[in-house]
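So the structure is just underneath, and the comments pick up after that.
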Amino acid sequence: LTAISTYKHPRSLQKGERLFSEGDPILGVCFIKKGFLKVELNGKQGRPLILRIAGMGTVFGHRTNSSHSCHSCSVTAVSEVLYCFIPNNLFTEIAGKSHSLKQQIINQVLDELELVEKKAIVLAHKSVREKVAEALLSLAAAYRYEVKKQSFRISFCRQDIADLAGTTKEQISKILKDFENEELIRYSAKKFSFLNTAKLREISDPSLVPGKKT
């Protein structure tokens, strides 16, 4: 921690700015301190697929070696973002002297791999309703939603939610209205005042419903 604090460079992004683009060389490690970003891949006909939402505590640039020297995705700020940057050579030296840090890097890579595998299952097998429920749960997790806090305002537009769910903006609007009518959510524009996360989780994964076969 002392070494990282010594060599880190504080930086910032404004909404809409790229942290890096798919195919860019990995120049160093970025630690997100504040704000939200979308992690996406280029899809067909220029339409992106959002893999996940990144917020405080996320690390980028740690997946690098002699055969993996370029970023495999693009990361764009959807709000003001504050982060710290450490050049590759310095981070490699620091990690080489810390078994604990190397293990944390391995754990994060495994977590990211699991997330991509789950994303593939979502896109291949889930209905639109299940996909939207999954997307809302991702937003709730990123914004650390708790019922007692009552509300949170997202930085994502309907198209972003559609790209996260792997569906269309029109479908997002329809399912959100359905969920509101079922009293699973309460929202206005980009502000959610209530999410029934337990019910949304059951919709996202029907196997969680007692006695229901999938």
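- Taking the side chain as every heavy atom from C-beta outward, Ile26 and Phe20 never approach each other to under 4.5 Å.
- Ser204 contributes no side-chain N or O that, together with a main-chain N or O of Ala133, makes up a donor-acceptor pair within less than 3.5 Å.
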Glu180 and Lys177: salt bridge (charged side-chain N to carboxylate O under 4.0 Å, His left out), yes or no, with the steps? CA-CA 5 Å; Glu180 185 176 42; Lys177 181 57 67 176; 3.1 Å; yes
Starting from the C-alpha separation in whole Å, work towards a yes-or-no answer on salt bridge (charged side-chain N to carboxylate O under 4.0 Å, His left out) for Lys174 and Asp178. CA-CA 6 Å; Lys174 178 183 181 301; Asp178 289 344; 3.1 Å; yes
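- Other residues, nucleotides and ligands contribute over 12 non-hydrogen atoms within 6.0 Å of the CD atom of Gln103.
- Of the inter-residue distances, the one linking Leu200 atom CG with Arg129 atom CZ reads 9.0 Å to the nearest 0.5 angstrom.
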Would you check, one step at a time, whether the test side chain to side chain donor-acceptor pair (under 3.5 Å) holds for Lys34 with Ser12? CA-CA 9 Å; Lys34 177 184 177 182; Ser12 64; over 6 Å; no
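- Taking hydrophobic clusters as Ile, Leu, Val, Met, Phe, Trp and Tyr residues chained together by side-chain heavy-atom distances below 4.5 Å, Leu37 does not share a cluster with Met56.
- Linking ILVMFWY residues whenever their side-chain heavy atoms come closer than 4.5 Å, directly or via other members, places Val81 and Leu27 in the same cluster.
- The OG atom of Ser5 lies 8.0 Å from the CD1 atom of Ile86; values are rounded to the nearest 0.5 Å.
- Taking all atoms of both residues into account, the shortest heavy-atom contact from Leu19 to Phe60 is CD2-CD1, 3.6 Å.
- Within 6.0 Å of atom OH in Tyr7, 12 or fewer heavy atoms from other residues, nucleotides or ligands are found, so the atom counts as exposed in its surroundings.
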Run Asn196 and Phe179 through side chain to side chain contact (heavy atoms under 4.5 Å, CB included) and show every step you take. CA-CA 10 Å; Asn196 188 330; Phe179 285 169; over 6 Å; no
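- Ring-plane geometry between Phe156 and Tyr143 is classed as perpendicular, the angle between the planes exceeding 60 degrees on a 0 to 90 degree scale with a lower cut at 30.
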